[in-house]
Number of protein chains: 4
Amino acid sequence: MPKIVTDSDRLQKRRIILDAAAAEIARYGYDRANINTIAERAGIGRGTIYLYYTNKEDVLLSLLNSIGSMIDEIVCKCINSDQSWPQKIRDLALAFAQMALDHNDFFRVHISALHGVNRDIGQPVAFWLMKSFHRLTAALVQAIQEGEIFLYDPQTLAWIILGTLESMALLPNILNLSESLTQERANSLATFIWQGIAPSAKNNMVLG
Amino acid sequence: MPKIVTDSDRLQKRRIILDAAAAEIARYGYDRANINTIAERAGIGRGTIYLYYTNKEDVLLSLLNSIGSMIDEIVCKCINSDQSWPQKIRDLALAFAQMALDHNDFFRVHISALHGVNRDIGQPVAFWLMKSFHRLTAALVQAIQEGEIFLYDPQTLAWIILGTLESMALLPNILNLSESLTQERANSLATFIWQGIAPSAKNNMVLG
Amino acid sequence: MPKIVTDSDRLQKRRIILDAAAAEIARYGYDRANINTIAERAGIGRGTIYLYYTNKEDVLLSLLNSIGSMIDEIVCKCINSDQSWPQKIRDLALAFAQMALDHNDFFRVHISALHGVNRDIGQPVAFWLMKSFHRLTAALVQAIQEGEIFLYDPQTLAWIILGTLESMALLPNILNLSESLTQERANSLATFIWQGIAPSAKNNMVLG
Amino acid sequence: MPKIVTDSDRLQKRRIILDAAAAEIARYGYDRANINTIAERAGIGRGTIYLYYTNKEDVLLSLLNSIGSMIDEIVCKCINSDQSWPQKIRDLALAFAQMALDHNDFFRVHISALHGVNRDIGQPVAFWLMKSFHRLTAALVQAIQEGEIFLYDPQTLAWIILGTLESMALLPNILNLSESLTQERANSLATFIWQGIAPSAKNNMVLG
DNA sequence: AATGAATGAGCTTTCATTCAT
DNA sequence: AATGAATGAAAGCTCATTCAT
């Protein structure tokens with residue numbers, strides 16, 4: 001009489017494995033992360049991982065898709081809200097900062113894959129990033145048309161915004177800063193971004 | 001009589017090895033970069049690398065110090081010039097973008113080490129980053145005091161500036177954008193940053 | 001269900017590896033013995049050895065402990081028997097000679113480690129040798145006090161006895177002598193030793 | 001104008017290299033002894049060694065021939081003297097002990113090669129050992145015939161004598177004993193041997 | 001379904017030897 | 001004659017993956 005494994009059981013175990021993998025990879029990097037240790041952390045046998053994922057890379061890709069979609073969802077939600085643009089940007093900054101705290105391991109793996117050099121591994125990161133990027137670009141195009149924000153090349157602007165959001169979220173990891181000021185930093189960043197794109201800006205004339 | 005090898009010869013060969021290593025590591029990452037392949041690329045024997053570097057990690061650290069000091073030198077030079085602040089920022093953005101093009105392999109290794117998870121390897125990156133960070137922070141503190149730029153927490157500001165500079169420099173690599181627009185993007189970024197910190201900014205009051 | 005591996009299975013496989021290692025090391029020496037070849041000889045994969053021993057040195061140390069304890073056991077058993085001293089010595093000589101035949105590979109590794117120069121590797125050899133040495137010395141002290149054997153410095157005497165036992169056991173290996181005369185040579189040695197320590201010269205008649 | 005190198009210069013430099021090699025090999029064993037370090041110790045360039053010896057093994061073989069012939073000379077000289085047999089044996093023991101002190105590095109290499117497992121390397125050791133062995137055996141055959149010593153199988157006896165001599169000489173190295181008692185131990189050994197082979201037990205009184 | 005013992009490809013590093021100078 | 005920079009074969013060890021149980 002075989003054990004009955006529902007889809008829900010399966011998803012749950014995939015999740016457990018993913019969490020364990022995120023913890024390992026966030027500490028040692030993909031190449032040095034040890035399948036054996038991941039299995040131990042997940043409380044299962046080494047071979048069992050291969051019943052849920054085809055191989056090590058599959059685990060990583062799944063992990064990157066997970067965090068990638070999570071980020072895209074945040075971007076989507078904040079951008080499409082009924083708030084004003086200054087508020088949208090503040091919401092984005094806060095949501096990013098919070099996500100970097102709540103899912104720190106996933107986020108670190110995401111960042112290292114994003115800036116790492118391996119093209120294969122970078123693929124799902126690029127996929128989701130593009131999705132968020134286009135989503136944001138489209139919203140900016142409309143906002144610029146409606147005069148809500150200063151005229152820029154929307155693509156460059158979208159990139160700058162996403163880039164600064166990630167930089168800010170990374171700050172505590174690299175500089176070992178206290179996490180307690182996360183909210184304040186998010187506010188500062190939102191202020192900074194908004195100043196850079198607010199319609200009233202004329203100061204840029206200074207530059208060629 | 002033995003073959004005479006001058007210090008200059010030695011430095012030259014170290015440079016050749018470093019270039020080959022940068023090319024490999026920029027393509028495959030540190031862990032997957034193969035000493036054998038690096039030697040082939042450098043046109044020397046496998047063992048020869050160990051006459052110039054103590055081990056694989058030593059090659060990487062040397063490489064990271066090389067690019068780290070190069071970046072710091074750029075920051076130093078741009079910040080301490082006699083230009084106005086808007087111009088300083090534009091110089092920075094252009095110099096960064098240019099460096100990312102001229103030393104693309106080194107820069108990519110630098111970025112992946114910066115955002116990677118390996119603490120040992122990240123050490124020289126952090127060292128140089130801190131140097132540039134403090135350099136920039138000090139300059140900002142003075143500029144704020146003299147009313148040249150809008151009041152901010154200088155550290156957060158320094159981080160935002162460095163972060164956006166690197167994000168911008170990375171753009172072509174991640175989005176496969178044309179390199180021909182590098183200058184324009186650098187200008188856009190400089191404009192954006194300057195708007196965010198110009199003394200005339202009052203729009204930030206909009207945000208809580 | 002996982003394959004069940006009992007402690008007995010584990011010990012058995014350790015033994016198989018040890019035998020293969022002894023055969024290799026006895027032929028080529030520790031430094032030249034090849035893990036790959038040892039694995040082949042043991043009929044297992046290269047990596048499997050590392051499931052049973054932490055590294056190459058661990059294999060050797062285990063091997064040396066095995067033969068060291070075996071020798072000590074022989075010394076202990078022969079010395080503490082109820083036999084007369086001439087008989088004890090004859091038993092020792094015969095047991096040594098037999099052991100050198102039965103466990104020739106182990107014994108050769110033991111001897112080469114004993115007389116080799118590597119201190120780390122010599123450590124377990126020295127440990128067991130000291131144990132046998134003190135055991136024998138203590139027995140000789142008592143025998144001398146009871147007038148059973150001629151007055152000597154017991155330590156020197158113990159060393160001479162152990163030394164001649166090992167020399168004799170080595171004889172076939174070095175001189176390529178026939179093994180068929182092993183028993184006779186052991187008898188000769190026992191006679192020789194006994195003459196050297198008997199309280200009077202007549203006792204040598206006791207031995208065959 | 002080429003430098004003129006006389007045969008004497010050549011021999012002298014060969015000797016210097018041999019001394020350096022003996023020091024290294026006595027510390028680390030043949031396999032781990034480093035040609036580079038030997039060259040440094042000898043105060044010459046790495047490549048120079050290959051002008052005097054064809055390869056590493058050649059250095060070792062030459063070294064073993066050197067100590068092997070030295071030992072054989074001692075045996076020859078002591079055995080063929082006009083002394084009585086008790087005195088001959090005492091002379092042998094003392095000369096061995098002294099040689100082990102004066103040429104400690106050479107002797108240790110000799111011993112480790114003798115008891116080591118490598119047949120190729122053991123070859124010159126075996127050659128000289130055989131020579132001494134046959135020399136001693138022949139002398140014993142005659143002594144037995146002339147009734148000067150107790151009736152034994154001369155080969156076994158020769159081996160026992162050589163074996164105990166080497167055991168004794170090794171004692172300080174293995175047990176870390178003081179070298180100051182070397183003479184006394186040599187005397188003890190001579191006494192022991194003589195008792196074992198004297199025609200009657202009273203003869204041991206002859207020795208101090 | 002679950003396990004972990006077994007495997008072997010692939011890696012870094014060492015070092016005896018060569019050879020241009 | 002003398003040197004030491006350069007070489008590459010060879011070795012120990014790790015770890016993702018397989019598969020018998």
Side-chain angles (χ1 to χ4, degrees), chain A residues 1-5 9-10 13 31-40 43-59, chain B residues 1-5 9-10 13 31-40 43-59, chain C residues 1-5 9-10 13 31-40 43-59, chain D residues 1-5 9-10 13 31-40 43-59:
Chain A
M1 180 171 85
K3 196 196 287 186
I4 290 171
V5 174
D9 287 345
R10 219 185 136 68
K13 191 156 275 184
D31 285 312
R32 299 184 181 190
N34 189 305
I35 285 280
N36 196 9
T37 315
I38 292 174
E40 272 173 29
I44 60 175
R46 204 174 323 174
T48 310
I49 290 183
Y50 291 87
L51 296 176
Y52 292 88
Y53 294 95
T54 57
N55 54 26
K56 193 185 179 185
E57 186 173 331
D58 186 32
V59 176
Chain B
M1 285 301 140
K3 192 197 295 183
I4 289 170
V5 174
D9 290 342
R10 233 191 119 67
K13 191 155 273 182
D31 285 313
R32 296 186 177 190
N34 186 304
I35 286 282
N36 201 354
T37 315
I38 291 175
E40 271 174 30
I44 59 175
R46 208 169 322 161
T48 309
I49 290 183
Y50 292 88
L51 295 178
Y52 291 87
Y53 295 95
T54 54
N55 53 28
K56 192 184 178 185
E57 186 173 333
D58 187 31
V59 176
Chain C
M1 284 303 137
K3 193 197 292 183
I4 289 171
V5 174
D9 289 342
R10 234 192 118 66
K13 190 154 274 184
D31 285 313
R32 298 187 177 190
N34 186 305
I35 286 283
N36 202 352
T37 316
I38 291 175
E40 272 173 29
I44 60 175
R46 208 170 322 162
T48 309
I49 291 182
Y50 293 89
L51 296 177
Y52 292 88
Y53 295 95
T54 55
N55 53 28
K56 193 184 177 188
E57 186 173 333
D58 187 32
V59 175
Chain D
M1 181 170 84
K3 195 195 288 185
I4 290 172
V5 176
D9 287 346
R10 219 185 136 68
K13 192 156 273 183
D31 285 311
R32 298 185 182 189
N34 189 307
I35 285 280
N36 196 8
T37 314
I38 292 175
E40 271 173 30
I44 60 175
R46 205 175 320 175
T48 310
I49 290 182
Y50 291 87
L51 297 177
Y52 291 87
Y53 294 95
T54 57
N55 54 26
K56 192 183 179 186
E57 187 173 332
D58 186 31
V59 175

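By convention in this document, chain letters (A, B, ...) are assigned in the order of the sequence lines, proteins followed by strands, and residues within each chain are numbered from 1. Owing to the predicted nature of the structure, the values given are computational and were not obtained by experimental measurement.
Distance D:Asn36 CG to E:dT18 P: 16 Å, rounded to the nearest Å. Nucleotide E:dT3 holds its C1' atom 15 Å from the CD1 atom of A:Ile35, rounded to whole Å. One atom, CD of D:Glu57, and another, C1' of E:dC15, lie 16 Å apart when rounded to the nearest Å. For the pair C:Arg32 CZ and F:dA9 P, the interatomic distance rounds to 19 Å; values are reported in whole Å. Whole-Å rounding puts the B:Ile38 CD1 to E:dC11 P distance at 12 Å. Atom CG of D:Asn55 and atom P of F:dA9 are 19 Å apart (whole Å). Rounded to whole Å, the distance from OH on D:Tyr50 to P on E:dT17 is 4 Å. Whole-Å rounding puts the B:Glu40 CD to E:dT12 P distance at 13 Å.
When the side chain to side chain contact (heavy atoms under 4.5 Å, CB included) test is applied to D:Thr37, the partners found at least two apart in sequence or on another chain are D:Glu24, D:Asn34.
Residue B:Ala33 is in sugar-phosphate contact alone, with no base atom involved, counting any heavy-atom pair closer than 4.0 Å across all strands shown.
With F:dT18, E:dT7, E:dT13 as the candidates, the nucleotide lying closest to the side chain of B:Arg46 is E:dT13. Checking F:dG12, E:dA5, F:dA1 against every side-chain atom of D:Leu51, the shortest atom distance belongs to F:dA1. Side-chain atoms of D:Thr48 lie closest to F:dA2 of the nucleotides F:dA2, F:dA16, E:dT18.
Summary of the strand contacts: D:Asp31 and C:Gly43 both lie near DNA chain E, and taking for each the nucleotide with the nearest heavy atom, the more 5' one is attributed to C:Gly43. Heavy-atom distances to DNA chain F give each of B:Ile49 and C:Gly47 a nearest nucleotide, and the one nearer the 5′ end belongs to B:Ile49. Mapping B:Thr54 and C:Gly45 onto DNA chain E by nearest heavy atom places C:Gly45 closer to the 5' end of the strand.
Side-chain N/O atoms of B:Lys56 include none lying less than 4.0 angstrom from OP1 or OP2 on E:dC11. One finds a side-chain N or O of C:Lys13 lying less than 4.0 angstrom from the OP1 or OP2 phosphate oxygen of E:dA6. The side chain of B:Tyr52 contributes no N or O atom lying less than 4.0 Å from OP1 or OP2 of F:dA5. Put simply, B:Asn34 has a side-chain N or O that comes within less than 4.0 Å of OP1 or OP2 on E:dT12.
Considering CZ of C:Arg46 and CD1 of C:Ile35, their distance stands at 10.5 Å, rounded to 0.5 Å. One finds the OG1 atom of D:Thr48 at 13.0 Å from the OH atom of D:Tyr53 (value rounded to the nearest 0.5 Å).
The two residues B:Ala39 and B:Gly45 come nearest to each other via the heavy atoms CB-O, 3.8 Å. In terms of heavy atoms, A:Arg10 sits closest to A:Leu51 at NH2-O, 3.1 Å. Annotation for A:Ala33 and A:Lys56: closest pair O-NZ, 3.0 Å, computed over non-hydrogen atoms.
Remark: DNA chain E takes part in the stems E:2-21 with F:2-21, each of 3 or more antiparallel Watson-Crick or G-U pairs, criterion distances under 3.5 Å.
The side chain to side chain contact (heavy atoms under 4.5 Å, CB included) test with B:Ile49 is passed by exactly one of B:Asp58, B:Val59, B:Thr54: B:Val59.
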